[in-house]
Amino acid sequence: MTNNNSNIAIVGSGITGLTTAFFLKKRGKKVTVFEKNSQPGGSIRTVRNGDWLTEYGPNTILLKDRIVDEFFNELGLNDHLIEANPSASKRYIVKNGQIVPLPSTLLDAVKTPLFSLGGKLRVLKEPFITRSNQPDQTVAEFVSRRLGQEVLDYAINPFVAGIFANNPESLSLRHAFPLMHNLESEYGSLIVGSFAGARKRKESGRIKRKLVSFKGGLQELPIKLAEKLNILYSMRIDTVEKRVGSWFLKSNDAEYGPFDQVILNIPLYQMKDLNSPFQNELEEISKKVYYPPLSVVHLSYNKEDVGHELDGFGFLVPEVEQRNILGALFSSSLFQGRAPIGKHLLTIFIGGGRQPELASMETEKLMKIVESELSDLIGLNGKTVYQDHVYWPKSIPAYHIGYDEILEKMKQIEKIGDGLSIAGNFRNGISVPDCIKNGIKLAEKI
């Protein structure tokens with residue numbers, strides 16, 4: 001625990017670091033944030049181009065925690081908060097070349113063509129499946145054992161691609177989806193636990209779930225935080241060192257410090273290039289955590305050129321369908337003000353852990369692949385009126401089997417490097433709310 005006169009440096013202005021800085025400043029600490037780019041937010045980036053508004057990173061926030069809701073209110077962002085259109089509750093999965101709505105009620109689940117009768121009956125056996133005795137299991141192993149192969153293929157596989165841009169065979173259940181792991185551990189069943197644990201989740205600070213963004217896009221959040229903080233932009237830190245009990249940072253031979261605490265809020269793959277007392281350990285960690293490449297393509301069309309109504313959140317593509325895209329968001333259907341009147345705006349995801357070789361393709365070739373897929377799936381029959389493409393060579397960290405080793409190594413570094421903390425979406429959740437909550441906890445601990 002630092003004293004009130006502490007001088008703290010945060011390297012990187014991702015949402016975890018910004019949140020930590022905000023709450024440290026509230027407690028009277030002096031905080032300086034160093035950011036290598038010219039704007040805050042890390043992967044949260046909103047682009048306004050005329051009447052089109054696109055997100056290069058996260059597109060939505062699932063607001064379900066009171067602490068996050070109160071945080072937005074404290075920042076003065078509640079007046080800017082917008083909820084997704086009601087139709088966003090409708091989500092689609094590709095099955096046999098058609099986009100089929102996911103069931104949202106028990107009756108829908110009985111009638112849905114997504115799963116065979118055998119697949120539906122298999123789900124009913126879930127409460128009678130015994131707990132696993134394995135301390136760590138993949139998402140695929142867990143789901144196929146408890147819910148069956150069809151649910152894995154046509155629900156969880158595309159779901160994992162939509163969240164992690166990865167495959168359920170590559171992720172640890174306990175680290176990627178701790179809620180499912182805890183339901184089995186505590187109640188012995190997902191179905192039983194979902195009902196029995198509802199009261200406990202409410203008591204833990206949960207509020208009614210809603211899908212949200214901000215009027216000007218998600219980057220309003222880091223921009224609002226940045227207004228309240230001391231951030232030095234275009235400042236690439238290349239050295240972190242400790243001398244006589246204090247920490248010092250260097251950037252282009254300029255030195256900053258002394259600091260009582262340093263928080264590294266940069267991706268793991270960037271930490272290996274940082275000169276520090278723990279360079280070897282950080283390099284070892286960074287080599288073991290996979291960030292799959294991902295391309296995000298934004299395309300807009302006249303509404304009359306699209307056969308589907310695009311009345312929902314979007315669609316996801318199961319791997320068994322052997323398509324060349326992971327899925328698409330119906331961005332202009334999700335929130336108002338994302339595209340001009342009479343136009344559809346879609347956000348399409350390509351590559352990830354499933355097909356990493358596609359992510360790095362040139363824009364022109366990628367557009368042909370995407371439009372071919374959209375022609376099949378949503379009846380596209382027209383030319384683009386707007387397009388944009390962003391390539392993430394390293395997108396979302398994969399919480400793989402054995403991730404405990406990574407987390408334990410971080411704890412060891414922090415213990416030895418008294419006054420050094422490591423923070424980011426590679427630790428305790430990748431979502432924006434997870435990062436906010438982690439930032440609050442870190443500020444409380446320092």
Side-chain angles (χ1 to χ4, degrees), residues 45-60 82-102 158 161-162 211-220 294-318 321 323-351 355 358-359 361-392:
R45 185 179 172 194
T46 304
V47 175
R48 165 70 74 179
N49 193 333
D51 291 329
W52 283 275
L53 186 148
T54 56
E55 302 284 5
Y56 278 17
N59 280 263
T60 61
I82 55 173
E83 286 193 51
N85 292 323
S87 66
S89 60
K90 193 172 186 178
R91 300 173 183 230
Y92 294 91
I93 298 290
V94 175
K95 177 77 179 281
N96 297 329
Q98 305 292 320
I99 61 172
V100 179
L102 265 172
L211 197 64
V212 303
S213 182
F214 302 102
K215 293 176 182 177
L218 286 188
Q219 201 173 357
E220 277 201 47
L294 183 70
S295 267
V296 182
V297 173
H298 303 284
L299 296 174
S300 183
Y301 301 92
N302 294 315
K303 287 188 175 181
E304 60 266 25
D305 291 334
V306 179
H308 195 277
E309 292 183 11
L310 305 189
D311 55 338
F313 183 88
F315 67 83
L316 292 170
V317 182
E321 289 289 311
R323 292 277 174 176
N324 291 315
I325 61 175
L326 301 177
L329 298 181
F330 304 156
S331 300
S332 53
S333 300
L334 264 176
F335 299 108
Q336 299 293 324
R338 267 41 181 176
I341 295 174
K343 314 292 182 187
H344 281 309
L345 176 66
L346 296 103
T347 301
I348 304 98
F349 304 93
I350 309 99
Q355 296 162 307
L358 294 182
M361 292 182 69
E362 296 177 357
T363 299
E364 186 176 346
K365 293 180 179 179
L366 205 56
M367 292 298 180
K368 289 180 180 179
I369 291 174
V370 170
E371 292 201 307
S372 175
E373 297 282 10
L374 295 180
S375 177
D376 286 346
L377 297 172
I378 61 170
L380 174 63
N381 185 25
K383 295 183 178 181
T384 59
V385 294
Y386 177 79
Q387 69 179 44
D388 192 16
H389 171 211
V390 59
Y391 171 53
W392 295 96

Legend entry - Derivation and outcome, side-chain contact (heavy atoms from CB on, under 4.5 Å), residues Phe349 and Leu294: CA-CA 7 Å; Phe349 304 93; Leu294 183 70; 4.3 Å; yes
Inset, instruction - Please assess Asp376 against Arg323 for the test side-chain contact (heavy atoms from CB on, under 4.5 Å), listing each intermediate value before the final yes or no. - result: CA-CA 10 Å; Asp376 286 346; Arg323 292 277 174 176; 3.1 Å; yes
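Listed here is the closest heavy atom pair of Ser295 and Ala359: OG-O, 2.5 Å. Of all non-hydrogen atoms in Pro101 and Lys90, the two that sit nearest each other are CB-CE, 4.3 Å. Among all heavy-atom pairs drawn from Leu211 and Phe335, the shortest one is O-CE2, 4.3 Å. Nearest heavy-atom pair across Leu345 and Ala339 is CB-CB, 3.9 Å.
Contacts of Asp51 classified as side chain to side chain contact (heavy atoms under 4.5 Å, CB included), with partners at least two apart in sequence or in another chain: Pro340. In this view, Tyr56 and Asp388 satisfy the side chain to side chain donor-acceptor pair (under 3.5 Å) rule, not counting sequence neighbours. For the side chain to side chain donor-acceptor pair (under 3.5 Å) test, residues two or more places apart in sequence or in another chain that qualify with Thr363 are His389. With sequence neighbours left out, Ile325 forms a side chain to side chain contact (heavy atoms under 4.5 Å, CB included) with Phe315, Val317, Ile348, Ile350, Val370, Glu373, Leu377. By the side chain to side chain contact (heavy atoms under 4.5 Å, CB included) test, Lys368 pairs with Glu364, sequence neighbours left out. Remark: Ser213 engages Arg338 in a side chain to side chain donor-acceptor pair (under 3.5 Å) (not counting sequence neighbours). Phe330 meets the ring pair (Phe, Tyr, Trp, His ring centres under 6.0 Å) test with no other residue; sequence neighbours excluded. Applying the side chain to side chain contact (heavy atoms under 4.5 Å, CB included) test to Glu83 and every residue at least two apart in sequence or in another chain returns Lys210, Val212. Residues satisfying the ring pair (Phe, Tyr, Trp, His ring centres under 6.0 Å) test with Tyr391, not counting sequence neighbours, are none. Residues forming a side chain to side chain donor-acceptor pair (under 3.5 Å) with Lys215 (at least two apart in sequence, or on another chain): none.
Taken to the nearest 0.5 Å, the CD1 atom of Ile93 stands 4.5 Å off from the CG atom of Leu102. From Leu366, atom CG reaches atom CD of Gln387 across 10.5 Å, with rounding to the nearest 0.5 Å. The distance from atom CG of Leu326 to atom CG of Leu358, rounded to the nearest 0.5 Å, is 9.0 Å. A distance of 8.0 Å separates CG of Leu346 from OG of Ser333, quoted to the nearest 0.5 Å. Between the CG atom of Asn59 and the OG1 atom of Thr54 there is a distance of 9.0 Å, given to the nearest 0.5 Å. Here the CE atom belonging to Met361 is positioned 8.5 Å from the CG atom belonging to Asn324, to the nearest 0.5 angstrom.
Counting heavy atoms from C-beta on, the side chains of Asn381 and Ser375 never come closer than 4.5 Å. Residues Asn96 and Gln98 fail the side-chain proximity criterion, which asks for heavy atoms closer than 4.5 Å. A heavy-atom distance below 4.5 Å is found between the side chains of Phe313 and Leu334. Within the 4.5 Å cutoff, no side-chain heavy atoms of Phe214 are placed close to those of Gln219.
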For residues 296-307, dump all side-chain donor-acceptor pairs below 3.5 Å to protein atoms at least two apart in sequence or in another chain.
residue, atom, partner, partner atom, Å
His298, ND1, Thr347, OG1, 3.1
His298, NE2, Glu55, O, 3.1
Ser300, OG, Trp52, NE1, 3.0
Ser300, OG, His344, O, 2.8
Tyr301, OH, Glu371, OE2, 2.6
Asn302, OD1, Lys343, NZ, 2.3

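In terms of modelled atom types and a separation under 3.5 Å, the side chain of Ser372 and the main chain of Ile369 share no donor-acceptor contact. Checking side-chain atoms of Gln336 against main-chain N and O of Ile82 turns up no donor-acceptor pair under 3.5 Å.
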